[in-house]
Engineer: 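Sharing a structure here in structure tokens format.
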Protein chains: 2
Amino acid sequence: MKKFSRQRQAILECLKNTNCHPSAGWLYDNVRKEIPNISLGTVYRNLAELSQSGDILSFTPGDGTERFDGNTKPHYHFYCSSCRSVIDVDIPTIEDLDRKAAETLGCEISYHNLIFYGICRNCRESQ
Amino acid sequence: MKKFSRQRQAILECLKNTNCHPSAGWLYDNVRKEIPNISLGTVYRNLAELSQSGDILSFTPGDGTERFDGNTKPHYHFYCSSCRSVIDVDIPTIEDLDRKAAETLGCEISYHNLIFYGICRNCRESQ
DNA sequence: CCCCACCATAATAATCATTACTATTTTAAT
DNA sequence: ATTAAAATAGTAATGATTATTATGGTGGGG
């Protein structure tokens, strides 16, 4: 049976209260403010479990880190190739895509992941 | 000035002649059949350069590896969560998405990357 | 309320992909 | 052929993630 843990709760809270799509390392640094001796392995394990159970989302922008998202409503992301920040893209998701792809491939699709790449406004302006 | 190298040529050839969307490690193993003492660093460096120059594409399915593609025509991918293989998805790319996202975000978008997730036909049947 | 089996944790070591470094070799322009 | 720039092989180092293990916390049954 799955048991309650203060650590998992704190990680989930931290992720729900930010919109910066952090990595495991960022969450580790920030949860440590509340639980100073939390272990990095604990952060990784809980993020994997929460992701597995569907309580959070995860994706890889391609900079060598996995990013997590407390917002489980399907949506797309923008990744700034300059500052490595991730921003939500508020356009409707195309649910029909999964059906089309499944038809073409002849297999079932669980979901899709869409990331836009470019330079964010901050970075563009501060050049 | 950019100089010719047998190694870069072999890497590009190898990538153009497969449809398996390999990782750097796979390319290293396979190019070694032709150039046995090629260095892994050489493979990584050339893949980065070829990707930068637009001669190849790259993406990260999220299993901790970067995958490369000799087909530079924009298209989408399917990743099998069971066998970790990548398959091209032959549906038209939605170029309009970049414009829509750019409008919403107020910044320029260079491109987008779309990956479908599920279990491929082979894996489904062999269960 | 206390015991116990089980789950989760902290701390650390190990792994894996990728990148950095450096001395040597290759390329191509003169 | 000479030479400077570019690329390489081999190796070390990095950084993110995963595995290990002994210890501590949780919650149900007695």
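Below, chain A is the first sequence line, B the second, and so on; all start at residue 1.
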Engineer: Side chains of Ser110(B) and Glu108(B): do they bring a donor and an acceptor to under 3.5 Å?
Structural biologist: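 No, no side-chain donor-acceptor pair sits under 3.5 Å.
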
Engineer: Between Pro36(A) and Gly25(B), just flag the one whose closest nucleotide in DNA chain C comes earlier from the 5' side.
Structural biologist: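 Comparing both residues, the 5'-ward one is Pro36(A).
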
Engineer: Counting just side-chain N and O atoms, does Tyr44(A) come under 4.0 Å of either OP1 or OP2 of dT18(D)?
Structural biologist: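 For dT18(D), neither OP1 nor OP2 has a side-chain N or O of Tyr44(A) closer than 4.0 Å.
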
Engineer: Provide, to the nearest angstrom, the distance between the NZ atom belonging to Lys3(A) and the P atom belonging to dG28(D).
Structural biologist: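 Rounded to the whole Å, the gap is 9 Å.
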
Engineer: Pick base, sugar-phosphate or nothing for Ile38(B), based on heavy-atom distances below 4.0 Å to the nucleic acid.
Structural biologist: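 Answer is sugar-phosphate: Ile38(B) comes under 4.0 Å of backbone atoms only.
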
Engineer: Rounding to an integer number of Å, can you tell me how far Arg32(B) CZ sits from dA9(D) P?
Structural biologist: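 The distance from CZ of Arg32(B) to P of dA9(D) comes to 11 Å, rounded to the nearest Å.
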
Engineer: To the nearest angstrom, how far is Leu27(B) atom CG from dT18(C) atom C1'?
Structural biologist: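 It is 14 Å, rounded to the nearest whole Å.
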
Engineer: Measure CG/Leu47(B) against P/dA7(D) and give the value in whole Å, please.
Structural biologist: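 So the CG-P distance, Leu47(B) to dA7(D), works out to 15 Å.
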
Engineer: I'd like to know if Lys2(B) reaches the base of dA6(D) with its side chain, counting only an N/O donor and acceptor under 3.5 Å.
Structural biologist: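 Absent.
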
Engineer: Return the value, rounded to whole Å, for the distance between atom CG of Asp63(B) and atom P of dT18(D).
Structural biologist: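 Rounding to the nearest Å, CG of Asp63(B) and P of dT18(D) are 11 Å apart.
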
Engineer: Both Met1(B) and Val43(B) contact DNA chain D. Which one's nearest nucleotide lies toward the 5' end?
Structural biologist: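 Here Met1(B) is the residue nearer the 5' end.
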
Engineer: Does Ser5(B) put a side-chain nitrogen or oxygen below 4.0 Å from OP1 or OP2 of dA7(D)?
Structural biologist: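 For dA7(D), neither OP1 nor OP2 has a side-chain N or O of Ser5(B) closer than 4.0 Å.
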
Engineer: Roughly how many Å is it from CG in Asn46(B) to P in dT26(C), rounded to a whole number?
Structural biologist: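 To the nearest whole Å, that distance equals 16 Å.
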
Engineer: With no hydrogens and no angle check, do the side chains of Glu66(A) and Ser58(A) hold a donor and an acceptor under 3.5 Å apart?
Structural biologist: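 Side-chain D/A pair, Glu66(A) to Ser58(A): present.
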
Engineer: Is Thr65(B) side chain donor-acceptor paired with the dA17(C) base, going by distance under 3.5 Å alone?
Structural biologist: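 A donor-acceptor contact between them is absent.
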
Engineer: Check the phosphate of dA7(D) against Arg8(B), side-chain N and O only, distance under 4.0 Å to OP1 or OP2. Yes or no?
Structural biologist: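 Checking Arg8(B) against dA7(D): at least one side-chain N or O falls below 4.0 Å of OP1 or OP2.
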
Engineer: Does Gln7(B) place a side-chain N or O at less than 4.0 Å from the phosphate oxygens OP1/OP2 of dT26(C)?
Structural biologist: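 No, outside the criterion.
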
Engineer: Using a cut-off of less than 4.0 Å, is there contact between a side-chain N or O of Arg45(B) and OP1 or OP2 of dA7(D)?
Structural biologist: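 For dA7(D), OP1/OP2 do not have a side-chain N/O of Arg45(B) under 4.0 Å.
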
Engineer: Are the aromatic rings of Phe116(A) and His77(A) close, with centres under 6.0 Å apart?
Structural biologist: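 Ring centroids of Phe116(A) and His77(A) are no less than 6.0 Å from each other.
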
Engineer: Assuming nearest nucleotide by heavy-atom distance, tell me which of Ile35(B) and Leu40(A) is located more 5' along DNA chain D.
Structural biologist: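 Closer to the 5' end of DNA chain D: Ile35(B).
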
Engineer: What is the distance, rounded to the nearest whole Å, between atom CZ of Phe4(B) and atom P of dT8(D)?
Structural biologist: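 The distance from CZ of Phe4(B) to P of dT8(D) comes to 10 Å, rounded to the nearest Å.
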
Engineer: His75(B) vs His21(B) aromatic rings, parallel, tilted or perpendicular, using cut-offs 30° and 60°?
Structural biologist: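 The rings of His75(B) and His21(B) sit tilted, inter-plane angle from 30° to 60°.
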
Engineer: Measure from CD on Glu66(A) to C1' on dT18(D) and round the result to the nearest Å.
Structural biologist: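 Taking CD of Glu66(A) and C1' of dT18(D), I get 12 Å after rounding.
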
Engineer: Does a side-chain N or O from Ser23(A) land closer than 4.0 Å to OP1 or OP2 of dA16(D), or not?
Structural biologist: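 Looking at the OP1 and OP2 atoms of dA16(D), neither is under 4.0 Å from any side-chain N or O of Ser23(A).
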
Engineer: I'd like to know whether CG of Asn19(B) has more than 12 heavy-atom contacts from other residues, nucleotides or ligands below 6.0 angstrom.
Structural biologist: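 Incorrect, the count does not exceed 12.
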
